[in-house]
Amino acid sequence: MGKHKTPMLDELEKGPWPSFVSDIKQQAEKGKQVLKEAPDDLLGVLELSFEDRVTHWKHGGIVGVFGYGGGIIGRYCDQPQKFPGVAHFHTVRVNQPASKFYTTKFLRSMCDLWESHGSGLTNMHGSTGDLVLLGTTTDHLEPLFFDMTHEMNQDLGGSGSNLRTPACCLGRARCQFACYDTQEACYQMTMEYQDELHRPAFPYKFKFKFDGCPNGCVASIARSDMSVIGLWRDNIRIDQAAVKAYVGGELKPNAGAHASRDWGKFDINKEVINLCPTGCMAWDGSKLDINDKECVKCMHCLNTMPRALRIGVDTGAAVLFGAKAPILEGAQMSTLTVPFMKVEAPFEELKELIEKVWDWWMEEGKNRERLGELIQRKSWQEFLRVIEKDPDPRMVDEPRSNPYIFWKEEEVEGGWTRDINAYREKHPR
Amino acid sequence: MPYDPSDPLKDRITDIGPRYYKEFVPPVIEKNYGKWLYHDILEPGVLVHVSETGDEVYTVRVGGCRLMSVEHIREICDIADKHCGGYVRFTTRNNIEFMVDGKDKLKPLVDDLKSRKFPAGSNKFPIGGTGAGVTNIVHTQGWAHCHTPAIDASGVVKAVMDGVYDDFGSMRLPAPVRISLACCLNMCGAVHCSDIAILGIHRKPPMIDSEWIDKLCELPLAIAACPTAAIKPAKTASGLKALEVNADRCMFCGNCYTMCAAMPLADDVGSGVAILVGGKLSNRMSKPKFSKVVIPFIPNEPPRWPTTVEAVKNILDVYAKDAKKYERLGDWAARIGWERFFEKTNLPFSHHLIDDYRFAYTTWRQSTQAKF
Amino acid sequence: MTDEEIKKLIVEALESKSKTKSKFYLKDFYAMVPDKKPREVKNLVNKMVQEGTLEYWSSGSTTLIGLKGMGKQHQEED
């Protein structure tokens, strides 16, 4: 029996999906967390929110570890007398390892560290990617940071107007589609910009994310100011024997992803050739032909016949800018900016590009204006001038339909200064 | 040397970043890094990846709760130590992946995972989340930790995942379905490109604690926090400095409450759930898409949010029956037309669903193409 | 201007406004030192935090900066 009665939360112990309520209860019973009452009081305050149907948390902003502007989020309970264990309940963002592989040794020492400095509760992981330690008091922050850096060789993540903790997909660690080394890129870029990650540098948040291919498992196109998405430029590699094996039914299409329902026999025309968005594929009954020049790398055929088709060998990435959630002007996805770039250590080209973007945004961006909003306000043309890239039809879905082109004087023969008297010679008043 | 509170900056280490990922990958991953040829989903939640070296790695994907105790992490470590040589991985969508380097090691791992339950009965490690099914819901903090949520997060997610549990453990859908939850419209979990998004929204402007606001807050900061400039200075009847909110301009974001706790926003009946559908991130066949609002409001119904759960299940079931193989939810809705979507899902279409914000015109129909 | 002069200027600017407002966006600091590049001002402001003159206040999504110990939030958060 816990410290508080939680009849509503207890309803969430039922059902097959893992119950976070059962989990917090086991921490309350068995855990050795220094903030002994925290799990019980978290259940208590959550139960109160379930009764009241509103939150009982308040925001705080001063807390942090000394010299860092990011990594800690202040949090206070508005019922501290009832729930002293969570009266002060700050969040600690810990920079996760690229693509979230762990040794149990590391995880266990993180568990021990967190029990000696906090609530014993975590988020595995937060939305941005950090390993989140959920709930501790101000006096524990410095010792926690000291022990984390000294004993675990591990640093905090970003928050506020900082570079946010970069994240990447699984990449080459276990995926055949990775067009560049997403983990290495993520790690190197994180290390290069430690100052921007820990100390506020910008008008608002800035996110990098690294997807290895256009399937986009880390959602970079939707939620990162700079999205790096793997691509190839040459030809899809075809194993014709394996294509035949898919057609013949020896291989399961789509790597077995539709196996729980009978969709009938695999039909390569219906399921691949006719679904190709550019119609660049043909099957003559014995040979698959791809007109690679017309391919837009949508991944459908590769996803559907992974044992027959492989990405090309001239691989790299597209770089897109400007994605953000709806606050404020409305949601935006990233816009294709560099259609193809080689992305290889030490990633100098990527660094040069991002630093130009940052200099411009730091100078021109309004308070709390995301990069995507600044680009909209200033124009894509202005953005291209800043990053010194030439316009490319691949940057747009279609050319503009209004003719209101803001011509520059130097673009027009003879400039804008004209002689009215010469005009009057031909056109008397 | 341990931390010395009298000299907090002594031997300080900063700016060291995360640990290098290669310290944390199992040997079979290290050896075959960048050499993978293809993968197969052997059964829901169980994958094999095959390398050009001939090596294979078998992965068992299980659902996890984002909100997790260290006790539970230790249990994950116990399993990883017993079966996986001391390595484990988490996914972007709060799943946990256990990997073994031989097929013979798979069954003991699967049996072990299936055997573990919480005392009250829920599964600790449900296997699934692959292929054309529903995978785990990514979400935000909700009432467990956030100061501006309109809804809870973990509780709603638990209730919805119980409701769609069979689709986590199977692959009967036309295409993958990604469900996401953000507990307010600031979307610290970006849900705007999800097949189904559960979004917390507020519908009442903030209250002003007028007698206290000047003592608790810096008024210029609260004014500046408002993205629509709806807050302006005011005086109370007794002459105290305070603020007032132009209610018609309020977009219910809670940014003012972040700066000033004397402007509470959340409300037991004003705040609740909106449902958005049809977003996607991948470039597969069609371009990435935003999610669209199809249910403007569902009240908060703790502890199990039955109306929200039913709404998600209804959309999922209609989609599963009607869509073509490979068609994502948003591609299906676009093909049949949104008028058909509302008809088939039996959802009412109200004026709330027609955009009247910044890019509104881009979503209105300039065509006679319509279905009857 | 030397760094020390700029620091003094920043402190004076903040003090003159401290009656109504104790926290500022980074951008506000650029305006206090218009002839320096934003990046240089940013580095200097972050240095002043290291030195204990200024402190950060984070809303989680955005960061504000002010003179250490100033502002009404302090009473509540301490």
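Chain letters run A, B, ... following the sequence lines, proteins first and then strands; every chain starts at 1.
Judged by distance alone, the side chain of A:W17 and the main-chain N or O of B:A159 form no donor-acceptor pair under 3.5 Å. Remark: the backbone N or O of A:H125 is paired with a side-chain donor or acceptor of B:N94 at under 3.5 angstrom. Checked by atom type and distance alone, the side chain of B:R19 never pairs as donor or acceptor with a backbone atom of A:F106 at under 3.5 Å. Using a distance-only test at 3.5 Å, with no hydrogens or angles considered, no donor-acceptor pair links the side chain of B:S122 to the main chain of A:G15. Proximity of a side-chain donor or acceptor of B:E71 to a complementary backbone N or O of A:Q27 within less than 3.5 Å is not detected. Between the side chain of A:R307 and the backbone N or O of B:D40 there is no donor-acceptor pair closer than 3.5 Å. Side chain of A:D155 to main chain of B:D15: a donor-acceptor pair is present (N/O by atom type, distance under 3.5 Å, no hydrogens or angles). Without hydrogens or angle criteria, A:D23 side chain to B:M68 main chain gives no donor-acceptor distance under 3.5 Å. The closest donor-acceptor contact from the side chain of A:H258 to the backbone of B:P174 lies under 3.5 Å.
When ring centroids are compared, B:Y21 and A:F101 stay outside the 6.0 Å threshold.
Only the side chain of B:Q141 comes within contact range of chain A, with heavy atoms under 4.5 Å apart. Of the atoms belonging to B:L9, it is side-chain heavy atoms, and not backbone ones, that fall under 4.5 Å from chain A. Only the backbone of B:A225 comes within less than 4.5 Å of a heavy atom in chain A; its side chain stays farther off. Using a 4.5 Å cut-off between heavy atoms, B:N300 contacts chain A through both its backbone and its side chain. Residue A:C276: no heavy atom, backbone or side chain, is found under 4.5 Å from chain B. Within the 4.5 angstrom heavy-atom criterion, only side-chain atoms of B:E97, from C-beta onward, approach chain A.
Residues A:S127 and B:R66 bring a donor and an acceptor atom of their side chains to less than 3.5 Å of each other. Side chain to side chain, B:H145 and A:T91 meet the donor-acceptor criterion of an N or O pair below 3.5 Å. With hydrogens and angles left out, the side-chain atoms of B:Y20 and A:Q183 include no donor and acceptor closer than 3.5 Å.
Highest contact tally toward chain A, considering only B:P5, B:C146, B:C183, B:P8, is held by B:C146 [criterion: heavy-atom pairs under 4.5 Å]. In terms of non-hydrogen atom pairs under 4.5 Å with chain A, the most contact-rich of B:R172, B:E52, B:K280 is B:R172. Of the listed residues B:Y165, B:Y257, B:Y326, B:Y87, the one with more heavy-atom pairs under 4.5 angstrom with chain A than any other is B:Y326. Between chain A and the options B:H192, B:R178, B:R358, the largest number of non-hydrogen pairs under 4.5 Å is found for B:H192. Here B:A144 is the residue among B:P149, B:A144, B:G121 with the most heavy-atom pairs under 4.5 Å with chain A. For the set B:V50, B:V57, B:D4, B:T92, the count of heavy-atom pairs under 4.5 angstrom toward chain A peaks at B:T92. For chain B, the option among A:D112, A:N367, A:T304 with the highest count of heavy-atom pairs below 4.5 Å is A:T304.
The ring pair (Phe, Tyr, Trp, His ring centres under 6.0 Å) check on B:Y3 picks up A:F146, with sequence neighbours excluded.
A:V21 has its side chain out of reach of B:F118: every pair of non-hydrogen atoms, C-beta onward, lies at least 4.5 Å apart.
Partner of B:H147 under the side-chain hydrogen bond (donor to acceptor under 3.5 Å, both in side chains) criterion, chosen from A:R75, A:K58, A:H56: A:R75.
The pair A:E11-B:K158 fails the salt-bridge criterion, with no side-chain N (NZ, NE, NH1 or NH2) lying under 4.0 Å from an Asp/Glu carboxylate O.
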